[in-house]
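Scroll down for the structure; my scribbles are underneath it.
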Amino acid sequence: MSLAESHSSGTRPWRVQIGKNCCMLGRFVQSIQRELIMSVTADLPYDPDALRERYREEREKRLRDDGNEQYVEMKGDYEEFLEDPYVDQAVERDPVTEEVDVVIIGGGFGGLQAGARLRDAGVKDIRIIEKGGDFGGTWYWNRYPGAQCDVESYCYLPLLEELNYVPKEKYSYAREILSHSEAIGKHFDLYEGALFQTEVTGLEWDDAASRWVIRTNRSDAIRARFVSMANGPLHRPKLPGILGLDRFKGHTFHTSRWDYDYTGGGPDGGLDKLGDKKVAIIGTGATAIQCVPFLGETAEHLYVFQRTPSTVDVRGNRPTDPEWAKSLEPGWQKERMENFNALVSGVPQEKDLVNDGWTDLIGKMFHQFRKHDDVKREDIPKLMELANFDKMEEIRARVDEFVEDSETAEKLKPYYQMFCKRPTFNDDFLPTFNRANVTLVDTNGQGVDEITEKGLVVDGVEYEVDCIIYSTGFEVGTAYTRRAGYDVQGNDGKLLSEHWETGTRTLHGMGSHGFPNLFIMNTSQGGFTANFPHLLDESAVHQAHIIAYALDSGHTRVEIEEKAEDDWVETIKGFAAKGPTGGLGGPSCTPGYYNNEGKPSPNAAQSGPYGGGSIRFFRLLKEWREDGNFKGLLFR
Ligand code: NDP
């Protein structure tokens with residue numbers, strides 16, 4: 001039914017904001033538009049005003065003065081949470097002091113793709129420095145039971161065609177993703193010269209020699225012509241600032257350092273040592289949604305401490321059809337990634353090649369408002385809000401469908417707009433609450449009150465447990481150099497932390513004036529897409545293009561011009577001035593890491609992603625390369 005058709009089908013009052021109008025005609029047009037919108041709401045099975053009010057209340061309940069400061073950094077007494085449980089033995093080696101063409105910091109998807117694209121561009125002398133015991137990054141650390149990619153694997157796993165590999169399932173589990181990371185390392189000879197179990201502690205630019213000096217916790221002092229910082233966006237786990245955090249006498253660990261010695265089993269489950277253990281897990285984000293079913297299956301008793309429920313949508317995993325895999329034509333992965341990116345950006349495509357949770361979710365929401373054929377520009381936000389209400393009603397109905405106890409089901413229902421928090425997809429999480437050995441401890445948005453020697457306290461009730469698992473996520477809103485774990489000293493001793501103190505300053509999000517020969521893989525002032533490896537690949541191709549050109553043409557110094565950086569900063573701020581960019585966690589959302597815990601950062605307008613969307617951003621980079629003038633760069 002179009003808006004025009006629905007206009008005649010009756011109306012129900014619905015408040016619509018109307019701006020000041022100066023003339024009769026304007027008022028007339030506005031009143032027609034208002035009626036059109038009102039007519040769409042005529043047959044709604046819910047009351048939008050009531051939902052809006054409920055969302056507001058839930059948000060208010062969770063707002064806290066300390067915002068990001070509520071979390072505890074894993075240092076000092078808490079540093080042991082960071083220990084790597086996946087290496088059997090620390091590698092002993094002498095410090096390295098040699099010189100190489102390129103050092104890549106980080107051996108996750110970013111570093112691997114940077115390495116692969118540099119190899120494609122003919123760069124031979126590369127060293128990857130990685131704090132873990134192997135490649136994999138996120139997928140090295142996050143081996144908790146049930147860890148699985150949420151974007152379909154055929155789009156998400158990098159370089160599939162290059163490795164002639166098709167994942168086994170639509171959504172790969174961590175083990176397969178980790179093996180694939182290792183396979184990329186082997187295929188592109190990136191193990192050669194790689195330094196594992198090594199953390200960078202500082203970067204200094206030696207201007208006289210045009211070299212970076214990279215220092216590490218192994219006393220290395222490596223010199224490099226170029227450095228690529230592929231630190232990863234979510235790699236510094238954080239703890240909740242709960243009263244008595246240090247008091248607990250039982251066992252504890254963070255989900256990104258899963259202690260299989262304690263739980264038994266492995267990433268596929270079978271946590272057989274938990275049969276006589278009472279276990280608490282704090283947090284119900286994307287990680288907990290995946291591991292809770294496995295804990296519920298084996299723990300003597302599992303207590304799930306929830307502050308805010310997640311949206312839990314359909315997973316629908318399935319094995320890869322071998323006939324389909326055989327039928328794939330060269331170029332298939334790029335085509336699929338671009339199809340995904342277009343669909344989640346709201347750009348209509350002839351076909352949804354991907355059909356995963358994201359394209360389905362976003363596609364349906366766009367369809368919801370596109371079905372009205374005479375939508376006015378100013379109607380769009382209201383119609384999008386309605387589509388969002390529809391989707392969230394579906395998510396809430398799904399809780400009732402799977403959770404038998406109605407009180408528990410009510411507590412598991414999220415009341416905020418879709419995309420205020422990271423959507424999740426899982427078919428086993430909700431039914432886990434039907435088990436007699438699983439208890440949901442909802443904290444009504446307030447979090448756990450206190451940790452004692454024996455357990456956790458909520459609302460005056462102490463829950464005694466043997467083990468507390470922190471599924472409390474990773475640092476996001478803190479300074480980039482704090483998250484990286486080191487600062488960068490550029491030309492004339494200038495620090496990157498100072499240069500970015502009042503907001504990111506870059507050209508294309510990939511490097512800054514005063515920091516020659518340095519490339520950064522980051523979303524701030526760069527592109528943003530739900531398929532993060534796609535963004536990493538575009539960045540990797542771009543930086544490899546510049547580095548290979550500099551090496552081939554004998555240039556020793558590549559610097560971003562001050563004016564180019566200033567202009568890019570203005571471009572980013574210009575988009576921000578037109579409204580929120582990036583589409584996630586708007587200011588009216590319930591707090592979380594998408595909106596800096598509900599306290600907008602003063603630097604947000606400057607440090608957000610490129611507001612024109614990832615499709616335009618990737619095109620802009622491609623055209624920049626094709627132009628051949630390296631606009632905004634100074635080569636010496
Ligand atoms: P999140 O930051 O998403 O979740 C942290 C959880 O801890 C939230 O539920 C939070 O509640 C809760 N919490 C924090 N403090 C307290 C407290 N004091 N008391 C009780 N609860 C508390 O971390 P995750 O590790 O779950 O996920 C991080 C990100 O990693 C995801 O958003 C996603 O981007 C990525 N990820 C991707 C996966 C994939 O691709 N398959 C899988 C898993 C993670 P509240 O919501 O109220 O803040």
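Atoms within a ligand are numbered from 1 in the order they appear, just like the ligands themselves. Nothing here was measured: the structure is a model prediction, and the numbers come from that model.
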Inset, instruction - Step through the shown structure and confirm whether more than 12 heavy atoms of other residues, nucleotides or ligands are within 6.0 Å of CD on Glu401. - result: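 Atom CD in Glu401 is crowded, with more than 12 foreign heavy atoms closer than 6.0 Å.
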Inset, instruction - Quick one: list whatever passes ring pair (Phe, Tyr, Trp, His ring centres under 6.0 Å) with Tyr415, sequence neighbours left out. - result: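 Counting only residues at least two positions away or on another chain, Tyr415 forms no ring pair (Phe, Tyr, Trp, His ring centres under 6.0 Å).
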Legend entry - Proximal protein residues to ligand 1, non-hydrogen atoms under 4.0 angstrom: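 Heavy-atom contacts below 4.0 Å: Tyr71, Tyr144, Gln148, Cys149, Asp150, Leu234, Pro240, Ile242, Ile282, Gly283, Thr284, Gly285, Ala286, Thr287, Gln290, Arg307, Thr308, Lys421, Arg422, Gly447, Val448, Ser471, Thr472, Gly473, Phe474, Tyr593.
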Name each donor-acceptor pair under 3.5 Å that joins a side chain in residues 528-537 to protein atoms two or more places apart or in another chain, with its distance.
| unit_1 | atom_1 | unit_2 | atom_2 | d |
| --- | --- | --- | --- | --- |
| Thr529 | OG1 | Asn341 | OD1 | 2.9 |
| Thr529 | OG1 | Asn531 | N | 3.1 |
| Asn531 | ND2 | Cys155 | O | 3.2 |
| His534 | NE2 | Glu538 | OE2 | 3.3 |
| Asp537 | OD1 | Arg117 | NE | 2.8 |
| Asp537 | OD1 | Arg117 | NH2 | 3.2 |
| Asp537 | OD2 | Arg117 | NH2 | 3.1 |

Inset, instruction - Among residues two or more places apart or on two chains, list those pairs meeting side-chain hydrogen bond (donor to acceptor under 3.5 Å, both in side chains) that have a residue in residues 288-308. - result: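 Matches after skipping sequence neighbours: Arg62-Thr308, Gln70-Arg307, Tyr71-Arg307, Tyr144-Gln290, Asp150-Gln290, Lys278-Glu300, His301-Thr439, Gln306-Asp442.
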Inset, instruction - Check whether the side chains of Glu58 and Thr590 place a donor and an acceptor atom closer than 3.5 Å, and report yes or no. - result: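 The answer is no; no qualifying pair exists.
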Inset, instruction - Identify whether NZ of Lys or CZ of Arg in Arg143 sits under 6.0 Å from the centre of the six-membered ring of Tyr86 and within 45° of that ring's axis. - result: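 Here Arg143 passes the 6.0 Å and 45° test against Tyr86.
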